[in-house]
Amino acid sequence: MNEMCDISLTVNGERVSERVEARKSLVDFLRDDLTLTGSHVGCEHGVCGACTVRVNGEIVRGCLMLAVQCDGASVETIEGVSDSGEIADLQEAFQKRNALQCGFCTPGMLLTAQDLLSNDQTPSRDHIREHISGNYCRCTGYHAIVDAVESVAQARKGSRK
Amino acid sequence: MKPAPFAYAKARSVEDAIALLAQHGEGAKLLAGGQSLIATLNMRLSAPRILIDLNGIAGLNSITLKGGEVEIGAMTRHAEIERSDVIRKHAPLIAMAMPHIAHPAIRNRGTIGGSIAFADPAAELPACLLALGGLVEIAGPKGKRTVKADDYFKGLYETAIGACDMLTGIRLPAAPAASRYGFAELSRRHGDYAVAGLAASATFASGKLTKVRLAFFGVDLTPVRAKAAEMALAGGDLDKAVAALASDLDPPDDIQENGAVKKHLAGVLLRRVVQQLTETRA
Amino acid sequence: MKIVADVPSPLTALDRPNSYIGRAVPRPNLARLTQGRAQYVSDVVLPRMAHVAYLRSPYAHARITRIDKTAAEKGKGVIAVVTGAELSKVITPWVGVLSHLKGIKSAPQHAVAVDRACWQGEAVCAVVARTRAEAEDACELIGIDYEELTPVTDPETALDKATPVIHPELGDNLTFERTLDAGEVDKAFRESDAVVEATFVFGRHTGVCNEPRAIVADWNPGEQRLTVYHGTQAPHMMMNLFAKHLGLEEYQVRVLTKDVGGSFGIKVHTYADEMAVVALSKLLKRPVKFVADRIESFVTDIHARDHRVKGKIGVMQDGTITAFEIDDLTGIGPYSVYPRTSGIEANQVVNLTGGPYKCPNYRARARVVFQNKNVMCQYRAVGHPIATGVTEGLVDLAAAKIGMDPAELRRKNLYPDDGYPATGASGIKFEKLSHHASLDKILAMMDYKALRADQAAARKQGIHRGIGFASFIEVTNPSAAFYGVGGARISSQDGATVRLDATGAIFIHSGVTEQGQGAEAVLAQCVASSFGVPIDRVRVITGDTDNVPYGGGTWASRAAGIGGEAAWQAGKALRQNVLAAAASILQAQPEGLDIKDGIVVDKGTDRERITLDEVARICYFRPDTLPPGFQAELMATRHYVPRAWPFAFTNGVQASYLEVDTDTGFVKLLRHWCVEDCGTVINPQLVDEQIRGGIVQGLGGALFENCLYDERGQMLNGNMADYLVPMAMEMPDMEIGHVVTPTADSELGAKGAGEAGTAGAPAAVMNAINDALRPLGAISLTEMPFTPGRILKALGKV
């Protein structure tokens, strides 16, 4: 036990070893130590969803997990899924539909939308709204986001046929 | 808004966690899913000297059907419970409650043990535990013990878990054939804590409800049984049951609604849940 | 659901070849923002940068009797612990008053409290450390004693003799009062067939920008320059204020605004804790960063609304509205916010109430009083939701009273579409509006008759649905009448500089800023259209006071209408310059040439003559080949400010369809419509999304949002779990339609659209709830937010 901890993990496929304060949240670690500033800090109490990242394939709140808890884990951020092209269709749909304004919620929103579409290939508008209901957007009023996610669901369904 | 400094220890086993608790006393806190605890740390509402992380302990995240009971390990995530066939078949009340709990990213980390141990009075799972008459497994320096749900909740965020104890799992009676369950919650926004909610279990046969257990949440400092209403329902009188809530419940005001509103909502919830308990199954 | 996408008819002046005006051109920033490659101020890191955290007053009103820094100064990583008294030697205090708000008064406000804290959350000491966490650790080590003073927390009693005066030197707690009496109000009420009165209460809101306020200040003593990375809406205004209060010249200050994580009016004010950051940087000679955390945001980001308005309307049996009267009371914070003041919202309520209706009899009083609560100031749709709420609430109550359909009563009283120009009872001037066309359009979009039938059918099954309307007007494109005439150095004009680069691409530098609303796309559309290049050849530069023309920034729905017009004109000017150069190269007449899709062509035949990159190549690298005496000017600047009208008023109407669970008091929003008229629609998608986002901000106020304070001045719900912002599940789909009435004040004809949604949504919801509950004998609901408890109370169930 210590206030400083050594951790090794994979972030966006790259091996990372760092010494961190035990109190440091995952999102602060990503932003401050790894300069992955695509994950955002909006509330630091788990409500806004701007810090959403993936740990071992599942979306989590980056402010409600400690960096030290990610020792040995695989963490993916918006930078990683952008570079890999995994969510290129979602990103394009968000751009086309203007499903973002200031863009601060967008990385978390995209990862949450991708989480939905990985588990439900034909979500209703209500189901989309439900799945993103923990991701706060002050700008859009959500309508355009729901449109964009819905359009990607339909396009992916079409391409699977 | 950063937590005060703390040390971190990863428990390797339940015994290890308890030994660490004993070693550090009041200054230690157990870290389960962290979805409430880390928020309070970030806000410096709580400043433990050491966090004991339970996430590395093997064998605490199982859902098993054993001897007429569903056993759920303390570190089982909400998302695992949500996906579990055992839960769907044998603890349907828990399955009914799951979609109301926060949001997907929270459910991926939050654990049933953390929720029951934290015992937020407006949370779903503590009320479900109470409605089902489940058992709480607690390990401590003197060994293991089992506490009935009815004896478990002591006060606001206070439970039968002692300072050096750890909740290791819960046991719920597996749903028998004639059992019925009802769940309804009123929250201002999807996934929020309840303004008022009700989890209920009963047996329904020949048009009659028996073994009724009503556990309200969001209306007191703990989830609460409405025993007079339970008796009235067993007597087949819904109106009397709703009226009985006047004596069963005394909700304090909170920033969302005052006690009178909560009491009224409890009556509405009761009617809706009784509808669920008694409706004919397809 | 089918969304009506309305594309306005082509407009002559704008109908150039390859015009982008009226097209849904995607914003150039979006790829970056969706990839996590934005740069918000909270992302900025500089060499030697330190972080500041503030110790904040736990009391609403307290004398600071002792500050002991000793232990904090020894804290790990601590660089400096600075009190208000120490900082006041670096930065001077300010007073938030403007001369055109007659009688407005306030007291000097310091960057960090000196001797006395006046609201819970006011900074009382600053700690600068290597990390934010270490700064927060050291805040806990500061020894501080307070002597608690009686807080003033009830606006209703703020002016009573028995209530302490927050700033004794001001004499009383009255910040500002305005009265207005037009026409013959008493006579009109006397002669009315019916008079209805109601008191409307509006919750205290705050912006909850997803990115909290953020600033990095970097004083470089070697250059004697202050560079400030600032999430602001008004970089030049802040440059002026930083300079003024640090004792610098304006040219010594550079404000840089890159990506901003939401503003909504929150980031257009002077915040004490941000002024402290620039002072700390100057004091410590190194970069200092401050990012407000969410908890301190709730008690320091400006609050808004929090008005209680007694309203009265007179009406004849035939539906003619005879008079409006209002008495507005609003409790702000302990200081009027600098430099825009905290009197503007109440002033707007007086200006705008009754605004859509041709009713000459209008009396108003508005009083603004000091409170020991967080400061209040202008937030998206300043005053509009209040004025619209009161007006539209009264109109619906009058309709119910005389038994007339609410849409019909509006039709009877709205200014006729052919009756302009017109002057409202409060003196506001309308160039040309389209209330009737808008109402007709929304009734068609919502299929009003069918909706009423659905409502009636549902009612028979015990399902209580309601339809609510809200006609509204919106203040946009403000001239100097808003702030400049009151003495504030806030630019109402804006500039654009357009440059042809050496490869034939276009750079535009603009004084307006991008807050996510799409200003940069709009600027690119304007320049691409008026100059004549494909839009992907336009690069937009904003948010850098060293490098853009002096301008006002983004507020009051001005960026597109004012910044866009400047860009349009600059593009035209550069076209003339480039055509002159091309003509000189081609030995042709400039009048015979045009620029189309980036190529200089013969006007009329479109025969290609020379590419822009060739023109640029010759002008930049082979000017020796140009005719003697010809100097190419490949950069042009134009400025624009509305002159003909103080404001470009827009108008519109919203409608809400919702269902009230009469057992629980919960409201489910089913559908929402808005038809609005912002003049020329430069980018229909951006306008629609401004309106949708604005509507949801208004819906938040109607149903959820309210900063709750206790009688000690403690904010009770200052976190995101308890201050309820709208989330996706509860929000409806929204249909948006347009009527297009361009302003003749500019060539583009564009007015603003940023606040229309927020202006009308709360009133539409209020009226829909009352429409749903009226047949049940419920008391009319006029206090927002409409919580389950309030609805149950109105129904007599609790």
Side-chain angles (χ1 to χ4, degrees), chain A residues 21 23-24 28 31-32 35-50 77-83 87 90-92 94-107 110 125-126 128-147, chain C residues 1 3 24 26-27 29-40 42-43 45 131-133 207-212 259-264 291 293-295 515-518 685-686 688-697 699 719-721 725-734 757:
Chain A
E21 276 192 292
R23 63 168 154 174
K24 184 162 263 189
D28 279 352
R31 288 175 53 80
D32 298 346
T35 64
L36 291 165
T37 53
S39 306
H40 297 144
V41 174
C43 76
E44 296 179 278
H45 51 285
V47 185
C48 80
T77 70
I78 187 68
E79 290 90 345
V81 295
S82 296
D83 291 353
I87 61 162
L90 267 170
Q91 288 165 320
E92 193 188 331
F94 269 56
Q95 292 163 31
K96 203 170 152 195
R97 184 59 191 82
N98 201 53
L100 64 151
Q101 290 180 26
C102 82
F104 201 78
C105 73
T106 309
L110 285 165
R125 287 180 79 80
D126 267 359
I128 295 169
R129 286 184 178 276
E130 184 179 350
H131 205 83
I132 62 169
S133 66
N135 289 74
Y136 171 55
C137 169
R138 189 53 137 176
C139 299
T140 64
Y142 304 105
H143 181 133
I145 295 173
V146 178
D147 283 353
Chain C
M1 177 191 287
I3 304 303
R27 293 165 50 202
N29 318 338
L30 293 190
R32 189 163 59 76
L33 295 179
T34 57
Q35 291 166 7
R37 292 177 185 278
Q39 194 175 32
Y40 301 95
S42 45
D43 301 332
V45 175
T131 68
R132 168 80 190 206
V208 198
C209 305
N210 207 336
E211 184 195 26
D259 295 310
V260 182
S263 299
F264 318 110
V291 180
D293 70 34
R294 185 57 60 191
I295 301 303
Q515 317 284 315
Q517 80 279 40
Q685 185 181 53
L686 296 183
D688 286 0
E689 294 316 315
Q690 276 300 296
I691 289 173
R692 287 200 174 94
I695 287 171
V696 166
Q697 232 160 346
L699 296 176
N719 63 73
M720 284 192 73
V725 290
M727 301 298 275
M729 195 69 210
E730 290 71 34
M731 291 299 113
D733 280 347
M734 293 157 274

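So that the names make sense, note that chain A is the first sequence line, chain B the second, and so on, each numbered from 1.
- With rounding to the nearest 0.5 angstrom, the SG atom of A:C105 is 12.5 Å from the CD atom of C:E211.
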Margin query: One pair to check against side chain to side chain contact (heavy atoms under 4.5 Å, CB included): C:L33 and A:T106. What are the steps and the verdict?
Written below: CA-CA 7 Å; C:L33 295 179; A:T106 309; 5.6 Å; no
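- With a 4.5 angstrom heavy-atom cutoff, A:S133 touches chain C via backbone and side-chain atoms both.
- Rounding to the nearest 0.5 Å places OG of A:S39 at 10.0 Å from CG of C:D43.
- Separation of atoms CD1 (A:I78) and OG1 (C:T34) is listed at 7.0 Å; rounding is to 0.5 Å.
- Counting heavy atoms from C-beta outward, A:H143 and C:V696 have side chains that stay 4.5 Å or more apart.
- Only the side chain of A:D83 comes within less than 4.5 Å of a heavy atom in chain C; its backbone stays farther off.
- A donor-acceptor distance shorter than 3.5 angstrom exists from the side chain of A:Y136 to the backbone of C:V208, with no hydrogens or angles considered.
- Contact of A:L110 with chain C is made through the side chain alone, with heavy-atom distances under 4.5 Å.
- Every residue meeting the side chain to side chain contact (heavy atoms under 4.5 Å, CB included) condition with A:E79, not counting sequence neighbours, appears here in chain and number order: A:N12, A:L36, A:T77.
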Margin query: Run the side chain to side chain contact (heavy atoms under 4.5 Å, CB included) test on C:M729 and A:Y142 for me, step by step, so that the C-alpha distance in whole Å, both residues' side-chain angles and the decisive distance to 0.1 Å come before the verdict.
Written below: CA-CA 9 Å; C:M729 195 69 210; A:Y142 304 105; over 6 Å; no
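- Scored by the ring-ring contact (aromatic ring centres under 6.0 Å, His included) test, A:F104 finds A:H40, C:Y40 as partners (sequence neighbours excluded).
- Looking at A:V146, there are no atoms closer than 4.5 Å to chain C (heavy atoms on both sides), in backbone or side chain.
- Using a 4.5 Å cut-off between heavy atoms, A:E44 contacts chain C through its side chain alone, with no backbone atom that close.
- At a 4.5 Å heavy-atom cutoff, the contact between C:Q690 and chain A is made by backbone and side-chain atoms alike.
- For A:S82, the part lying near chain C is the side chain, with the backbone staying farther off; criterion is any non-hydrogen pair under 4.5 Å.
- Both the backbone and the side chain of A:R138 come within contact range of chain C, each with at least one heavy atom under 4.5 Å from a heavy atom of that chain.
- The CE atom of C:M731 sits 13.0 Å away from atom CD1 of A:I145, with the distance rounded to the nearest 0.5 Å.
- Side-chain atoms of A:N98 never come within 3.5 Å of backbone atoms of C:R27 as a donor-acceptor pair (strictly under, hydrogens ignored).
- Of the possible donor and acceptor atoms, one in the side chain of C:Q685 sits under 3.5 Å from a partner among the backbone N and O of A:K96.
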